[in-house]
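Here is the naming used below: chain letters follow the sequence lines, and residue numbers restart at 1 for every chain.
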Amino acid sequence: MPEGPSLVISKEALQPFKGKKVIRCTTTANIDAHLFIHKKVVDITTWGKHLLICFPHQTIRIHFLLFGSYLINDTRAITPRLHISFSNGFVNFYTSSIQLIEQPLDDIYDWSADVMNEQWNEKAARKKLREAANREIGDVLLDQQIFAGVGNIIKNEVLFRIRVHPESITGNIPPAKIKALLKEAVTYSFEFLQWKKEDVLKKHWLAHTKKTCPRCHIPFIKKYTGKAKRRSFFCTNCQLLY
DNA sequence: GCGCATGTTAACCA
DNA sequence: CTGGTTAACATGCG
């Protein structure tokens, strides 16, 4: 569930509820479910890994973290963290982080940072990369203020595709590689989206969880890298350390 | 049956 | 105040 493309899938699945009024709402999160009764959903959108259910004056922010899930017109045995019913169906969110947003979304979200958003702005990202010059590129790819929606799978796949070692210092990476990085972060995210929809995502992994480099046929290194200490799978032969 | 993982935040500590 | 580490959350899979 958790990476950006999966959030896009959830957003698309929930579109039938856009424009509908809430009939029933219950939550175990620390927000007042009554705020939304009889209110109309004016939009359902995403920013990175955030799913945003927008009402005229408030927004419910759902973050699936590692284990979150949702069901539409279906229920599991455990109590949902959030349930919302409409005249045309209902949705249940499980084990998710639910927050209430009171500010206008444009005040708090930089839409140009979201790799899945049509407002994604490569130039803005390149500027942020210059400011991140002394950080490891593996950490930088996971930075939601720069690459909102990118998660650990996308990180590993993008770095393998552009042949860059995850522990490379961002400022040392040549401009042509930075250009490739910016392109591939978006391209791979949309391929991820398509493969996820077709339920063939894992089949297309070249690096993530893999034991051997498909190019060099030598063993991948598995290492918890960077300040994020997230799993990196990489080939020390074909992924250059800058 | 154990250990771990597509994530984030808060608490804690030096 | 800062930076770093750890815990917490809670589920499913190999």
Completion exercise
Here the distance between atom P of B:dA5 and atom CG of A:N156, to the nearest Å, is 11 Å
Fill in the blank from the handout: Out of B:dT6, B:dT8, C:dA10, minimum distance to the side chain of A:F67 belongs to C:dA10
Handout entry: Exercise: do A:S69 and A:R76 side chains pair donor with acceptor under 3.5 Å
Key = yes
Exercise for the section: Examine A:R24 relative to A:F86 and say whether NZ or CZ is less than 6.0 Å from the centre of the six-membered ring and inside a 45° cone about the ring axis. Expected result: no
Exercise for the section: Select base, sugar-phosphate, or nothing to describe what A:I78 touches, counting heavy atoms under 4.0 Å on all strands. Expected result: sugar-phosphate
Exercise for the section: For A:K155 and B:dT6, give me the distance from atom NZ to atom P, rounded to whole Å. Expected result: 8 Å
Practice task
Could you tell me whether the side chain of A:S87 reaches within less than 4.5 Å of the side chain of A:K20, counting heavy atoms only?
Solution key: yes
Exercise for the section: Please say which of A:F233, A:W205, A:F220 ends up in a side chain to side chain contact (heavy atoms under 4.5 Å, CB included) with A:N156. Expected result: A:F233
Exercise for the section: Would you mind reading off the distance between A:L65 atom CG and C:dG12 atom C1', rounded to a whole angstrom? Expected result: 15 Å
Problem - Short side-chain N/O contact to B:dT6 OP1/OP2 from A:R231, under 4.0 Å - result: yes
Completion exercise
Regarding the side chain of A:K222, the nearest nucleotide among B:dA5, B:dT6, B:dT8 is B:dA5
Practice task
To the nearest Å, give me how far apart CG (A:N152) and P (B:dA5) are.
Solution key: 9 Å
Exercise for the section: Could you work out the separation of C:dT6 and B:dC4 based on their P atoms and round it to a whole Å? Expected result: 15 Å
Exercise for the section: Would you kindly give the CG-to-P distance between A:N92 and C:dT11, to the nearest whole Å? Expected result: 14 Å
Problem - Charged tip of A:R161 within 45° of A:Y188 ring normal and under 6.0 Å - result: no
Exercise for the section: Tell me which nucleotide among B:dT6, C:dA10, B:dT8 gets nearest to the side chain of A:H63. Expected result: B:dT8
Exercise for the section: Kindly state each residue pair satisfying ring pair (Phe, Tyr, Trp, His ring centres under 6.0 Å) with at least one member in residues 161-185 of chain A, sequence neighbours excluded. Expected result: A:H165-A:F234
Exercise for the section: Please determine if A:D143 and A:K128 form a salt bridge, counting it only when a charged side-chain N lies under 4.0 Å from a carboxylate O. Expected result: no
Practice task
Please determine, for the side chain of A:Y224, which listed nucleotide (C:dT11, B:dT6, B:dA5) has the closest atom?
Solution key: B:dA5
Handout entry: A:F233 CZ - B:dA5 C1' separation (whole Å)
Key = 10 Å
Handout entry: Span that lies between the P atom of B:dG1 and that of C:dC9, in whole angstrom
Key = 23 Å
Check nucleotides 3-5 of chain C for protein N or O atoms closer than 3.5 Å to its own N or O atoms and list the pairs.
unit_1, atom_1, unit_2, atom_2, d
C:dT5, OP2, A:K229, NZ, 3.3

Problem - A:D43 and A:T45: CA distance, side-chain angles, deciding distance, side-chain hydrogen bond (donor to acceptor under 3.5 Å, both in side chains) verdict - result: CA-CA 6 Å; A:D43 200 9; A:T45 189; 4.8 Å; no
Practice task
Taking atom C1' in both B:dT9 and C:dG12, compute the distance separating them and give it to the nearest angstrom.
Solution key: 23 Å
Handout entry: Side chain of A:H208 - closest among B:dT6, C:dC9, C:dA10
Key = B:dT6
Exercise for the section: Write down the distance between CZ (A:F64) and C1' (C:dA10), rounded to a whole number of angstrom. Expected result: 15 Å
Exercise for the section: Rounded off to whole Å, could you give me the CG-to-P distance for the A:L71 and C:dG12 pair? Expected result: 10 Å
Exercise for the section: Kindly point out which of B:dT8, C:dG12, B:dT6 is positioned nearest to the side chain of A:R76? Expected result: C:dG12
Fill in the blank from the handout: If pairing means Watson-Crick or G-U wobble with both distances under 3.5 Å, then the partner of B:dA5 is C:dT11
Practice task
Hey, which sits more toward the 5' end of DNA chain C by its nearest nucleotide, A:Y94 or A:K202?
Solution key: A:Y94
